[in-house]
Amino acid sequence: MNVYDSARIADMLQKEGYEEAKKQEEADLVLFNTCHIREKAAEKLFSDLGRAQAVAEERRAAGLKTVIGVAGCVVQAEDEQIIRRAPFVDFAVGPLMYHKIPQILRDMTENNEYKGVVHTDFPADSKFDFLPENKAQGACSYLAVQEGCNNFCTYCVVPYTRGAEYSRPVADVLKEAKRLIATGTVELNLLGQNVNSYHGEDEQGKERDLAYLLRRVAELDGLRRLRYTTSYPADVTDELIACHRDIEILMPYLHLPIQSGSDRILKAMNRRHRSGDYLRIVEKLQEANPALRMSSDFIVGFPGETDEDFQQTLDVVNRVKYIQAFSFKYSRRAGTPAAVMDNQVEEKVKKERLDILQKLLFSNQEAFNKSCIGKVMPVLFEQKGRHKGQLIGRTPYMQNLHIETDSANLNKIIEVEVIDATTNSLSGKEI
Ligand code: 5AD
Ligand code: SF4
């Protein structure tokens with residue numbers, strides 16, 4: 001979502017006459033778009049800001065002004081504190097207020113004074129109504145269809161930083177999708193923190209679900225691949241599962257976070273699914289499309305997690321054989337219910353569990369990648385590789401694949417034979 005937001009911020013700035021600086025030393029404006037999901041992500045901001053300030057000082061010595069701004073969820077969580085912790089920051093906007101950036105910048109240049117503006121309201125109007133039209137940046141594009149979350153998992157800051165669930169109307173989504181396709185998008189990834197609880201209004205004012213939206217988007221001329229991220233297991237409906245059977249361009253890869261395999265921990269996390277429910281959903285999805293493979297997020301060391309709970313997470317991994325996954329040590333986030341639970345797990349234990357889990361996840365990922373050797377796959381080439389004549393693309397399963405090929409194949413889907421594989425990428429040759 002932050003990648004999407006950053007691109008939309010760049011669209012706005014371009015419209016204001018800004019262009020991308022090649023080096024930070026050349027930048028008149030430095031803007032950080034931030035994540036607050038885990039402590040590490042938030043801390044990174046303050047060290048990056050320190051470096052930006054040092055560059056700004058050097059520029060000042062040379063008579064150049066630098067505006068430093070911060071956007072995103074750290075701003076929402078820190079509010080005015082952000083300016084207190086980093087007083088040289090000129091402005092800060094939360095994730096629902098970034099449409100204000102052009103106005104803030106105009107005010108700053110017109111008044112020519114230090115402002116220290118902070119915007120962290122949850123506005124009644126959607127920011128999407130204020131953003132300029134966007135264009136595809138390449139063959140693969142994100143499109144935010146839903147934002148915010150009402151689930152309140154006990155470890156998570158998202159309901160506080162991105163606010164309550166909001167779904168964009170069907171017509172807005174289709175309009176943006178058409179524009180992206182017309183400007184080069186081949187693969188579209190519909191985004192939302194809780195994308196499968198999408199409930200936007202259609203052209204007649206009727207509330208529609210994600211399954212409906214996927215079918216409408218899939219009909220658009222020129223679109224070759226469709227994905228959606230991230231889903232909440234308890235909101236996976238039979239209609240959504242049927243999409244995986246019916247929609248040919250819906251890719252056979254789904255990110256469906258379980259977080260833990262222990263029902264006791266899932267309950268403490270306030271997740272509305274148990275491991276049995278989750279496994280049944282995966283089974284149904286794979287009945288709908290036998291080629292479908294899964295990825296997930298995991299948290300280890302949630303308060304109260306015992307060795308037995310952790311073993312149940314490993315059991316799920318052994319059952320589902322995820323082809324990719326993200327796994328994290330539980331991070332205490334101020335203001336969330338789990339942060340004040342008195343049965344916090346020791347850092348050492350968290351680390352040990354994460355190592356064990358990641359070893360297993362990586363070995364499954366590598367086994368899947370190696371099982372692809374000798375197979376022919378359609379690969380969408382989306383960027384140039386490091387070496388001349390090399391392109392990097394993605395397979396239907398989101399694996400990165402390198403190939404030596406004509407650069408005319410950039411932004412095209414080409415049938416490729418996989419010739420080698422590691423944990424993180426594949427290499428192939430044209431057939
Ligand atoms: N600690 C660790 N991981 C977290 N996530 C969310 N909040 C926390 C936290 N407090 C993880 C979840 C989620 C992903 C985006 O980040 O696994 O699915
Ligand atoms: Fe956070 Fe996802 Fe839970 Fe919402 S569903 S509270 S975004 S982990």
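Numbering of ligands and ligand atoms starts at 1, following listing order.
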TODO: Mark up the atoms of ligand 2 that fall under 4.0 Å of a heavy atom belonging to Cys153, in ascending order.
DONE: 3 (Fe), 5 (S), 6 (S), 8 (S)
Task: Pair Arg215 + Asp246: basic N to acidic O under 4.0 Å - done: yes
Open item on the list: I want to check a possible cation-pi pair here: Arg38 against Phe328, using under 6.0 Å from ring centre and within 45° of the ring axis as the test.
Closed with: yes
TODO: List the closest protein heavy-atom neighbour of atom 1 (N) of ligand 1: residue, atom name, distance to the nearest 0.1 Å.
DONE: Ser331 N, 2.9 Å
Task: Proximal atoms of ligand 1 relative to Gln259 (non-hydrogen, under 4.0 Å) - done: 12 (C), 13 (C), 17 (O), 18 (O)
Open item on the list: If I apply the N/O under 3.5 Å rule, does Arg38 come out as touching ligand 1?
Closed with: yes
Open item on the list: Which residue and atom name correspond to the protein heavy atom nearest atom 4 (C) of ligand 1, and how close is it?
Closed with: Ile299 CD1, 3.6 Å
Task: Residue part near ligand 1, for Tyr155, under 4.0 Å between non-hydrogen atoms - done: both
TODO: State the atoms of ligand 2, each with its element, that fall below the 4.0 Å cut-off from a heavy-atom position in Arg271.
DONE: 3 (Fe), 5 (S), 8 (S)
Task: Tyr232: numbered ligand 2 atoms lying under 4.0 Å from its heavy atoms - done: 5 (S)
TODO: Could you list the atoms of ligand 2 found under 4.0 angstrom from a heavy atom of Tyr155?
DONE: 8 (S)
- [ ] Considering only non-hydrogen protein atoms, determine which one is nearest to atom 1 (Fe) of ligand 2 and report residue, atom name and distance to 0.1 Å.
- [x] Cys156 SG, 2.3 Å
Task: Which of the ligand 1 atoms, numbered from 1, are nearer than 4.0 Å to a heavy atom of Asp297 - done: 13 (C), 14 (C), 15 (C), 17 (O), 18 (O)
Task: Basic-acidic side-chain contact under 4.0 Å: Asp202, Arg208 - done: yes
Open item on the list: Quick check on contacts: which atoms of ligand 2 are under 4.0 angstrom from a heavy atom of Phe152?
Closed with: 6 (S)
Task: Student check: side-chain heavy atoms of Thr229 and Val195 closer than 4.5 Å - done: no
Open item on the list: Show, in sequence, the C-alpha distance, side-chain angles and deciding distance for Asp315 and Arg319, and conclude whether the salt bridge (charged side-chain N to carboxylate O under 4.0 Å, His left out) test is met.
Closed with: CA-CA 6 Å; Asp315 292 346; Arg319 288 273 295 272; over 6 Å; no
TODO: Using a cut-off of strictly less than 2.8 Å, determine whether Cys149 has an N/O/S atom near atom 1 (Fe) of ligand 2.
DONE: no
Task: Check ion pair Arg8-Asp5 (N to O, under 4.0 angstrom) - done: no
- [ ] Just say parallel, tilted or perpendicular for the rings of Phe298 and Tyr322, cut-offs at 30° and 60°.
- [x] perpendicular
TODO: Pick, from Thr161, Ile299, Val158, Asp297, the option with the minimum heavy-atom distance to atom 7 (S) of ligand 2.
DONE: Val158
TODO: May I ask you to decide if the ring planes of Tyr160 and Phe152 are parallel, tilted or perpendicular, using 30° and 60° as cut-offs?
DONE: perpendicular
TODO: If the plane angle is over 60° it's perpendicular, under 30° parallel, otherwise tilted; pick one for Tyr397 and Phe368.
DONE: perpendicular
Task: 4.0 Å heavy-atom contact, Arg332 with ligand 1 - done: no
Open item on the list: Return the closest protein heavy atom for atom 5 (S) of ligand 2 as residue, atom name and distance.
Closed with: Asn151 ND2, 3.4 Å
Open item on the list: Before you tell me yes or no, could you show the steps for Asp238 and Lys284 under salt bridge (charged side-chain N to carboxylate O under 4.0 Å, His left out), namely the whole-Å CA-CA distance, both residues' side-chain angles and the distance that decides it to 0.1 Å?
Closed with: CA-CA 9 Å; Asp238 287 345; Lys284 281 202 212 167; 2.9 Å; yes
Open item on the list: Among all the protein's non-hydrogen atoms, which is closest to atom 6 (C) of ligand 1, and how far away is it?
Closed with: Ile37 CG1, 3.4 Å
Task: Whether Tyr232 and His273 hold their rings parallel, tilted or perpendicular, with breakpoints at 30° and 60° - done: perpendicular
- [ ] Could you tell me which atoms of ligand 2, counted from 1 in the order shown, lie closer than 4.0 angstrom to a heavy atom of Pro159?
- [x] 6 (S)
Open item on the list: A quick test of your reading: do over 12 heavy atoms of other residues, nucleotides or ligands sit less than 6.0 Å from CD of Glu308?
Closed with: no
TODO: Under 4.0 Å from a heavy atom of Lys329: give me the atoms of ligand 1 that qualify, with their elements.
DONE: 1 (N), 2 (C)
